[in-house]
**Student:** 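Take this structure first; my questions come after.
Excluded from the calculations below are hydrogen atoms, water molecules and symmetry mates; all remaining heavy atoms, backbone and side chain alike, are included.
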Amino acid sequence: MNRKERILVIEDSAAINELICINLETAGYEPMPFWDGDAVSVWLHDEKRQWIDLALLDVMLPGKDGFSLLPKLRALEIPVIFLTAKDDLNSKIHGLKDGAEDYIVKPFEMLELLVRVEKVLARYRKESEVFVVRDVEIFPEERRVTKAGKEISLKPMEFDCLLQLVKYKNIALSREQLINALWGVDFDGETRTIDVHIARLRKKLDFQDVIQTVPRIGYRLNSQ
């Protein structure tokens with residue numbers, strides 16, 4: 001995409017808010033932190049406010065709570081993912097029935113949050129997405145890759161592996177996470193199968209220094 005997708009992070013815990021924002025920024029998004037429901041409400045009524053692609057919304061906030069803010073966000077066509085410690089069934093039903101896209105209970109894994117963020121954003125994107133890493137362009141819908149304008153032939157699993165690394169750029173992904181994304185949890189083969197695909201991607205795309213090995217974990221696509 002030509003611009004970074006902008007995400008509201010509405011969370012009153014400063015430590016959690018900062019952690020989410022750091023991870024979103026690392027993943028290539030532009031986070032906007034808020035710690036108070038009333039401040040969000042005032043900002044949403046400002047005609048000069050920036051375009052927002054998604055809101056991560058806590059339920060229990062100072063001022064207006066998350067359930068009160070949800071209709072205001074939805075009226076502006078901003079999709080919402082609840083992030084909350086309220087794990088009772090009634091709260092989940094309330095949030096989802098009122099229009100939230102997802103409901104994540106704290107504590108949560110940051111990678112799971114990023115995956116869910118990506119899935120919601122993908123449903124709302126209006127334009128065809130193109131990922132760019134140096135002189136390489138990746139076209140997910142067409143399953144096509146070019147380097148310096150020249151088409152590069154990738155096998156299906158090579159393409160899927162590349163796409164996972166690009167979607168979660170600058171984040172270390174374990175071999176198990178990549179396998180689950182590519183083959184599912186029932187895969188019986190060797191985790192080292194991933195190494196073969198990585199080696200081929202590095203060679204075909206000249207990505208020796210772009211796809212980095214993370215010792216004892218897996219791989220990270222470095223995109224600065």
**Student:** With sequence neighbours excluded, what pairs up with A122 under the side chain to side chain contact (heavy atoms under 4.5 Å, CB included) test?
**Tutor:** E118, R125
**Student:** Any side-chain to backbone donor/acceptor pair from R143 onto P156? Under 3.5 Å, distance only.
**Tutor:**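 Checking the backbone N and O of P156 against the side chain of R143, a donor-acceptor pair under 3.5 Å is found.
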**Student:** Working to the nearest 0.5 Å, report the span between CG of L163 and CD of E158.
**Tutor:**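 Going from CG on L163 over to CD on E158, the span is 13.5 Å.
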**Student:** Could you pull out the closest heavy-atom pair between A85 and M60, with the gap in Å?
**Tutor:**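 Shortest heavy-atom contact: CB-CE, 4.2 Å.
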**Student:** For F34, give me all partners under ring-ring contact (aromatic ring centres under 6.0 Å, His included), at least two apart in sequence or on another chain.
**Tutor:**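 ring-ring contact (aromatic ring centres under 6.0 Å, His included) check on F34 returns W43.
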**Student:** Mind listing the closest non-hydrogen atom pair of A172 and V214 along with its distance?
**Tutor:** CB-CG2, 3.9 Å
**Student:** Which heavy atom of H45 sits nearest to which heavy atom of K72, and what is that distance?
**Tutor:**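 Answer, listing the atom of H45 first, then K72: CE1-NZ, 4.2 Å.
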**Student:** Quick one: pull up CD1 in I52 and CD in E5 and give me the separation to the nearest 0.5 Å.
**Tutor:**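 Reported value, rounded in 0.5 Å steps: 11.5 Å.
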**Student:** Given the rule in the side chain to side chain contact (heavy atoms under 4.5 Å, CB included) test, do D53 and Y29 qualify, once you have shown the distances and angles that lead to the verdict?
**Tutor:** CA-CA 10 Å; D53 297 282; Y29 302 111; over 6 Å; no
**Student:** Would you mind telling me which of V117, L8, V120 makes a side-chain contact (heavy atoms from CB on, under 4.5 Å) with L56?
**Tutor:** V117
**Student:** If you measure only the distance, is there a donor-acceptor pair under 3.5 Å linking the side chains of Y168 and Q177?
**Tutor:** no
**Student:** Is atom NZ of K155 surrounded by more than 12 heavy atoms (other residues, nucleotides or ligands) closer than 6.0 Å?
**Tutor:**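 Check fails, neighbour count at 12 or below.
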**Student:** May I ask you to check whether S68 and D65 show a side-chain donor-acceptor distance below 3.5 Å?
**Tutor:**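 Side chains of S68 and D65: pair found under 3.5 Å.
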**Student:** With the 4.5 Å side-chain cut-off for hydrophobic clustering, are V105 and L96 part of the same group?
**Tutor:** yes
**Student:** Applying ring-ring contact (aromatic ring centres under 6.0 Å, His included) as the test, list every pair that has at least one member in residues 99-122; sequence neighbours left out.
**Tutor:** F82-Y103
**Student:** Flag the pair I104 / L83 as yes when at least one side-chain heavy-atom distance between them is below 4.5 Å, and no otherwise.
**Tutor:** yes
**Student:** As a quick check of understanding, evaluate side chain to side chain contact (heavy atoms under 4.5 Å, CB included) for V210 and L221, giving each step before the final call.
**Tutor:** CA-CA 6 Å; V210 176; L221 187 139; 3.9 Å; yes
**Student:** With hydrophobic residues grouped by side-chain heavy-atom distances under 4.5 Å, do Y124 and V9 end up in a single group?
**Tutor:** yes
**Student:** Does the pair D98/R74 count as a salt bridge with the N-to-O cut at 4.0 Å?
**Tutor:**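 The answer is no: the pair does not qualify as a salt bridge.
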**Student:** Between N17 and P33, what is the shortest heavy-atom contact and its length?
**Tutor:** OD1-CB, 3.2 Å
**Student:** Give the minimum heavy-atom separation between A55 and L73, together with the two atoms involved.
**Tutor:** CB-CD1, 4.1 Å
**Student:** How long is the span from the CG atom in L54 to the CZ atom in R123, to the nearest 0.5 Å?
**Tutor:**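 Answer for the CG-CZ pair, L54 versus R123, is 10.0 Å.
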**Student:** Is it the case that the side chain of K147 and the backbone of L205 share a donor-acceptor pair, with hydrogens and angles ignored and the cut-off at 3.5 Å?
**Tutor:**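 It does hold such a pair.
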**Student:** I217 and L165: same hydrophobic cluster, using ILVMFWY side-chain contacts below 4.5 Å?
**Tutor:** no
**Student:** Could you go through the side chain to side chain contact (heavy atoms under 4.5 Å, CB included) check for Y219 and L173 one step at a time?
**Tutor:** CA-CA 6 Å; Y219 297 98; L173 300 178; 6.0 Å; no
**Student:** What is the distance from atom CG of D195 to atom CZ of R202, rounded to the nearest 0.5 Å?
**Tutor:**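 Separation between the atoms: 8.5 Å.
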**Student:** What are the two closest non-hydrogen atoms of K64 and S41, and how far apart are they?
**Tutor:**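 Looks like CE-OG, 3.4 Å.
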**Student:** I would like to know whether L114 and L24 meet side chain to side chain contact (heavy atoms under 4.5 Å, CB included); could you show each step before the answer?
**Tutor:** CA-CA 7 Å; L114 293 174; L24 288 174; 3.9 Å; yes
**Student:** Would a distance-only check, ignoring hydrogens and angles, find a side-chain to backbone donor-acceptor pair under 3.5 Å from T26 to I22?
**Tutor:**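 Yes, the answer is positive, given that a donor and an acceptor are paired below the 3.5 Å cut-off.
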**Student:** Can a donor-acceptor pair be found, under 3.5 Å and without considering hydrogens, that links the side chain of R6 to the backbone of M32?
**Tutor:** no
**Student:** Between W35 and I7, is there shared hydrophobic-cluster membership here, with clusters defined by ILVMFWY side-chain heavy atoms closer than 4.5 Å?
**Tutor:** no
**Student:** With hydrophobic residues grouped by side-chain heavy-atom distances under 4.5 Å, do L44 and L61 end up in a single group?
**Tutor:** yes
